[in-house]
Number of protein chains: 2
Amino acid sequence: MKHRPTIRDVAKKAGLSLSTVSLVINNRGNVSPGTRESVQKVIRELAYHPTRSARGLASKTSGNIGFILSEEHFSQAEPFYTRIFLGTEFEARDHNYYILLTTVGNQFDPDEYVPRFLLERNVDGIIIAGKVNEKLISHIDSLGLPIVLVDYEIKRAHHSAVLIDNWRGATLAVEHLLSLGHKRIAFVGGDIRHPSITDRHEAYQNTLHMAGVFLEESYEVTDEEETSVAGGTSSAERLFASGAKPTAIFAANDAMAIGCMRYLKSRGMSIPQDIAIVGFDDIEISSHIEPHLTTIRVLKEEMGKIAVQRVVDSINAKTKTVVTTHVPVELIVRESTVALAHVED
Amino acid sequence: MKHRPTIRDVAKKAGLSLSTVSLVINNRGNVSPGTRESVQKVIRELAYHPTRSARGLASKTSGNIGFILSEEHFSQAEPFYTRIFLGTEFEARDHNYYILLTTVGNQFDPDEYVPRFLLERNVDGIIIAGKVNEKLISHIDSLGLPIVLVDYEIKRAHHSAVLIDNWRGATLAVEHLLSLGHKRIAFVGGDIRHPSITDRHEAYQNTLHMAGVFLEESYEVTDEEETSVAGGTSSAERLFASGAKPTAIFAANDAMAIGCMRYLKSRGMSIPQDIAIVGFDDIEISSHIEPHLTTIRVLKEEMGKIAVQRVVDSINAKTKTVVTTHVPVELIVRESTVALAHVED
DNA sequence: GTGAAAGCGCTAACAT
DNA sequence: ATGTTAGCGCTTTCAC
């Protein structure tokens, strides 16, 4: 018999029944310490390891966690969600789960296409990163699978979520600019419908308001479809075309900030002397572009880790507790911000 | 019965046996067109989908491909292997496989630690990215699992591999510098034991040789342990300390190139006027640093895709054919290289 | 071309 | 605390 040992072999060699061995493997039930010991000894001797699919079939668990991401987010060069994903991979390992990744389009029709791991009953819980179609989310919900959202939130339905502390981040960013003497601080947002951007925008307004700074509407560019570098460039263009004369810009994310910088440079303005700029996210390239971008650091890997912890908790728990976690942010001051040179009226 | 339909339900409703339905599902065997049709109809009506673990247990397949990466490579900020990994995720989907990621340390002792998916029989094939312990590779081999190496090669053992065309890339890089009039072209390598680096180094030497350029040994810094930004900085430092007076540097990868740039800038040299520099890999930040780095582009996602194709081929094939693929590279000229200002002998 | 029967290796009641 | 007995849902010989 050159076969891999099965639980049967272990039971036989230990002179016990299958169920006792099974109980030991899953350290469940009341097994006497002596029995447990001897079973473990046999397991070691035989180098026995349970087969995943057999456990899966019998226990109706897969040992996998599904990670769902929109196609756009997966494809985009900016590795924001990718970092969150890598964080889940890291943490999943410690919990003896594997992550199954899938991307989905913006539309969702259960008769058209459903992520394969859902159909195959190949996941025990789901992590959803970023915005995806809500119908998909409720479909998963109807399957009874635990769901954890990352960097996305749905007001109506109640799901556990791991969120960026956007409000605090934006407040830090604007306060930083204020403390440098800036008053005419513009906001360059993107898709204002994304909850994160909305929060950043509102915190921006609130912080200025609290500081007694009142600006015209032209200082806010929030009608850009794309929260991207290109979107940042075109937003900056429209900002200046509108007649606004900002001494600083708070961009809703680093990509847009970089887009703004690109525009400013092309117009011969120098950063931060002529205009200061703060981003949000602290993506990789922010510390490499010139000047190095002052930004709000988001702990992306950490978000992935927390998401895994939440979903594993939900898998093990019988009760559906909803937990919302706001991951802290941090102001990273680099070269793109500097004190206002001279006071202007 | 509010249960999910099983193959049994399909068989019953179709008035056929389990085996026939199974044959249809796997489109195998001789099933008459009419029967096939009607089974498929029932499957659609019932919205039946086979359960992964049941198939797995019965067929001894998992539907998963394992992706093994060294801890260092996974943790490093530079998203080189990460991009390869994402390429595999993309492609795996088209082949109805999922990717299971695991990281491994430099050491390998089968009695100590073996990737869980191996123990659990939870993968049908393995992709290994970058350098990992050879004992691990032969262990996997002994399990009879198909293996595909990516960006790594073992001369002794014969495994399918997806490799960068390092020789051509390095040749392109050096020829580019030569065509700009540079002659004193230094090489800054890293871990010269890595096959990729070795190839780049040899191609560098060969290209200079073919061009009739002969340089002292001091022009080659190949004793740096780390192929990283820090390694690049310290290599550059030693390069200049050695008395070499290069007008251009070919770095074994972008990270080292960036490290070199950092050193050069700190010494007040301007790039590319005082010294031109070419990297290799075309990592994300290379197009963002100042000056934008001229480099050799490597199609990382593509490498991942090809790796999946290879491993899927191997899984389906009975014969163990070894296929080595060299993925083409491309010279990307940016700002860090420019024609030599004046000829110096 | 289709069906019957025998598992795959494990977990989970239910007994004892 | 441990054993007995059924499956979990599918694939796979082997008959017919």
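If you're wondering where the values come from, they're calculated on a predicted model, not measured in any experiment. Order of the sequence lines sets the chain letters (A, B, ...), proteins ahead of strands, with each chain counted from 1.
For the pair B:K60 NZ and C:dC8 P, the computed distance is 7 Å after rounding to whole Å. Here C:dT11 presents its P atom at 8 Å from CZ of A:R28, a figure rounded to the nearest Å. Atom CG of B:N122 is separated from atom C1' of C:dC10 by 14 Å (rounded to the nearest Å). The CG-P distance, from A:L57 to C:dG7, rounds to 17 Å in whole Å. Rounding to whole angstrom units, CD1 of residue A:I25 and P of C:dG9 are separated by 13 Å. Across the protein-nucleic acid pair, A:D124 atom CG and C:dT11 atom C1' stand 15 Å apart, rounded to whole Å. For the pair A:N27 CG and C:dA12 P, the interatomic distance rounds to 13 Å; values are reported in whole Å. Note: CZ (A:R52) to C1' (C:dT11) measures 11 Å, nearest angstrom.
In this structure, a donor-acceptor pair under 3.5 Å is present between the side chains of A:S70 and A:H73. There is no side-chain donor-acceptor pair under 3.5 Å between A:T321 and A:R310. Between A:S19 and A:S17, the side chains place a donor N or O and an acceptor N or O closer than 3.5 Å (distance only, hydrogens not considered). Using a 3.5 Å distance cut-off with no hydrogens or angles, the side chains of A:N27 and A:R36 do not pair a donor with an acceptor. Side chains of B:R52 and B:T61: a donor-acceptor N/O pair is present below 3.5 angstrom, by distance only.
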Each nucleotide N or O in nucleotides 1-4 of chain C that has a protein N or O under 3.5 Å away: list the pair and distance.
residue: C:dG1; atom: OP2; partner: B:N30; partner atom: ND2; Å: 2.7
residue: C:dT2; atom: OP1; partner: B:S32; partner atom: OG; Å: 3.2
residue: C:dT2; atom: OP1; partner: B:T35; partner atom: OG1; Å: 2.4
residue: C:dT2; atom: OP2; partner: B:S32; partner atom: N; Å: 2.9
residue: C:dT2; atom: OP2; partner: B:S32; partner atom: OG; Å: 3.4
residue: C:dT2; atom: OP2; partner: B:T35; partner atom: OG1; Å: 3.1
residue: C:dG3; atom: OP2; partner: B:S17; partner atom: N; Å: 2.8
residue: C:dG3; atom: OP2; partner: B:S17; partner atom: OG; Å: 3.2
residue: C:dG3; atom: OP2; partner: B:T20; partner atom: OG1; Å: 2.9
residue: C:dG3; atom: N7; partner: B:S19; partner atom: OG; Å: 2.9
residue: C:dA4; atom: N6; partner: B:S19; partner atom: OG; Å: 3.1

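Between the two ends of the helix from C:dG1-D:dC16 to C:dT16-D:dA1, each summarised by a five-pair axis, the helix axis turns through 30° (rounded to 10 degrees).
Looking at A:D124, its side chain does come within 3.5 Å of a backbone N or O of A:G63 through a donor-acceptor pair. In terms of modelled atom types and a separation under 3.5 Å, the side chain of A:S75 and the main chain of A:E71 share a donor-acceptor contact.
Salt-bridge annotation for B:E89 and B:R93: absent, with no side-chain N of the basic residue lying under 4.0 Å from a carboxylate O of the acidic one. We find that B:E45 and B:K41 are joined by a salt bridge, their nearest charged nitrogen and carboxylate oxygen being less than 4.0 Å apart.
Each of B:L101, B:I68, B:N64, B:I65 was compared with B:F117 under the side-chain contact (heavy atoms from CB on, under 4.5 Å) criterion, and only B:I68 meets it.
The phosphate of C:dC8 (OP1 or OP2) has no side-chain N or O of A:R8 nearer than 4.0 angstrom.
For an aromatic pair to be called close, the ring centres must be under 6.0 Å apart, and B:F74 with B:Y81 fails this.
Contacts between chain B and DNA chain D, taken as any atom within less than 4.0 angstrom of a protein heavy atom, begin and end at D:dG9 to D:dT12.
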